[in-house]
Each structure stands twice: as structure tokens, then as C-alpha cells.
Enquirer: 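Have a look at this one.
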Amino acid sequence: MDYIKVAQTNEVKDGEKKIITLNDKVLLITNIQDTYYAIDNKCPHMGGSLFDGKMDGYNITCPKHGSVFDARTGKVIKNGKITFINLKVKDTKAYPVKVEGDDILVGLE
Ligand code: FES
């Protein structure tokens, strides 16, 4: 696995998120209690940008239909709805993250 620098630590402060494009991927980087996480930014349902969603602790809510994802694992915590229809949304992908000095690195296969 190759670790690639995606940002510097001072660009993503505690409680903040940042969107980055890396090759063909768009990743959401979060800093929650001074630990960094990375997941695919695109909601697996219909492509909502999770960067535009609300972040509450580890929970990120898709701005399109309200599915909630865990920023640490990419797993769906709560499925969203379209009017009265309950959705069955897949998990989004999570990537390993490490910090070296002031650099945030994401592991890609
Ligand atoms: S696009 Fe995210 S829940 Fe529909």
C-alpha cells in the first residue's frame, strides 16, 4: 500500500473536514478529536457530496437524502429516506490515514 500526502495538519483543524481530489478519487478528510480519517466523499446512493453534509461527532449526514455515515469506517449508521421510501444505502469506503510530522497521508492500494 502506498501512502500519499493529501494535506497538512493545520489545514484540517479539530471538528473540520476537507475535500481532496487524488487521481480518480475524491476523498473526505476529517479531523475528529485530533485524529484524522478519510472516506470516499461520494455517497454510494446517488452521489451526494458528503463534504456538503453536516458533521456531528463521527457522524456525517448526506445532504441529498439524509443517510448517515461513520467518518471513521464509512459504514452506514442510518439509512436516508426519499419522501416515504426508506433507502438501503451501501457503506462508503474508508482509507487508512497516518500523520508524519505535519503531513496527513492516506493509504491507497
Ligand atoms: S445521495 Fe446520499 S442518501 Fe441519497
Side-chain angles (χ1 to χ4, degrees):
M1 178 175 296
D2 293 329
Y3 278 83
I4 297 170
K5 180 184 169 185
V6 294
Q8 293 212 289
T9 52
N10 64 5
E11 295 175 65
V12 197
K13 296 189 171 54
D14 190 12
E16 292 184 349
K17 50 189 163 45
K18 180 178 177 69
I19 189 169
I20 61 117
T21 302
L22 198 60
N23 304 329
D24 58 339
K25 296 180 188 303
V26 181
L27 303 181
L28 179 70
I29 310 297
T30 52
N31 175 347
I32 303 165
Q33 297 179 1
D34 287 325
T35 302
Y36 298 91
Y37 303 96
I39 60 174
D40 274 331
N41 184 60
K42 187 175 170 185
C43 176
H45 176 234
M46 287 177 68
S49 170
L50 299 180
F51 177 75
D52 295 328
K54 182 171 170 264
M55 186 161 95
D56 181 13
Y58 295 109
N59 298 348
I60 308 236
T61 303
C62 176
K64 279 199 171 178
H65 309 113
S67 290
V68 181
F69 297 87
D70 188 319
R72 297 168 291 184
T73 61
K75 293 197 180 308
V76 174
I77 296 168
K78 183 177 160 228
N79 283 294
K81 279 185 185 180
I82 299 179
T83 57
F84 302 111
I85 301 166
N86 289 317
L87 303 174
K88 182 71 186 134
V89 177
K90 292 183 178 159
D91 298 336
T92 193
K93 185 170 170 48
Y95 299 87
V97 176
K98 63 183 183 181
V99 174
E100 286 182 357
D102 293 333
D103 297 336
I104 304 169
L105 300 99
V106 171
L108 298 176
E109 306 204 358

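Sequential numbering from 1 along the given sequence is applied to the chain's residues. Any value given below was found using the heavy atoms of this structure, including those in side chains, with hydrogens, waters and symmetry copies removed. Atoms within a ligand are numbered from 1 in the order they appear, just like the ligands themselves.
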Enquirer: Can you tell which of Ile104, Ile20, Val6 makes a side-chain contact (heavy atoms from CB on, under 4.5 Å) with Val12?
Expert: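 Single side-chain contact (heavy atoms from CB on, under 4.5 Å) partner of Val12 among Ile104, Ile20, Val6: Ile104.
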
Enquirer: Cation-pi between Lys81 and Phe84: NZ/CZ under 6.0 Å from ring centre and within 45° of the ring axis?
Expert: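 Pair Lys81/Phe84 does not count as cation-pi.
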
Enquirer: Ignoring hydrogens and angles, tell me if any N or O in the side chain of Lys64 forms a donor-acceptor pair with the backbone of Met46 under 3.5 Å.
Expert: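 Flag set: sc Lys64 to bb Met46 pair under 3.5 Å.
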
Enquirer: Which protein N, O or S atoms lie under 2.8 Å from atom 4 (Fe) of ligand 1?
Expert: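 Per the 2.8 Å query on atom 4 (Fe) of ligand 1, atoms found are His45 ND1, His65 ND1.
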
Enquirer: Keeping the roles fixed (side chain from Asn59, backbone from Val68), state whether a donor-acceptor pair exists under 3.5 Å.
Expert: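 No, the answer is negative, given that no donor and acceptor are paired below the 3.5 Å cut-off.
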
Enquirer: Let me confirm one number: the CD1-NZ distance from Ile29 to Lys17, rounded to the nearest 0.5 Å.
Expert: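 Answer for the CD1-NZ pair, Ile29 versus Lys17, is 13.0 Å.
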
Enquirer: How many angstroms lie between atom CG of Asn86 and atom NE2 of His65, to the nearest 0.5 angstrom?
Expert: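 So the gap between those two atoms works out to 13.0 Å.
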
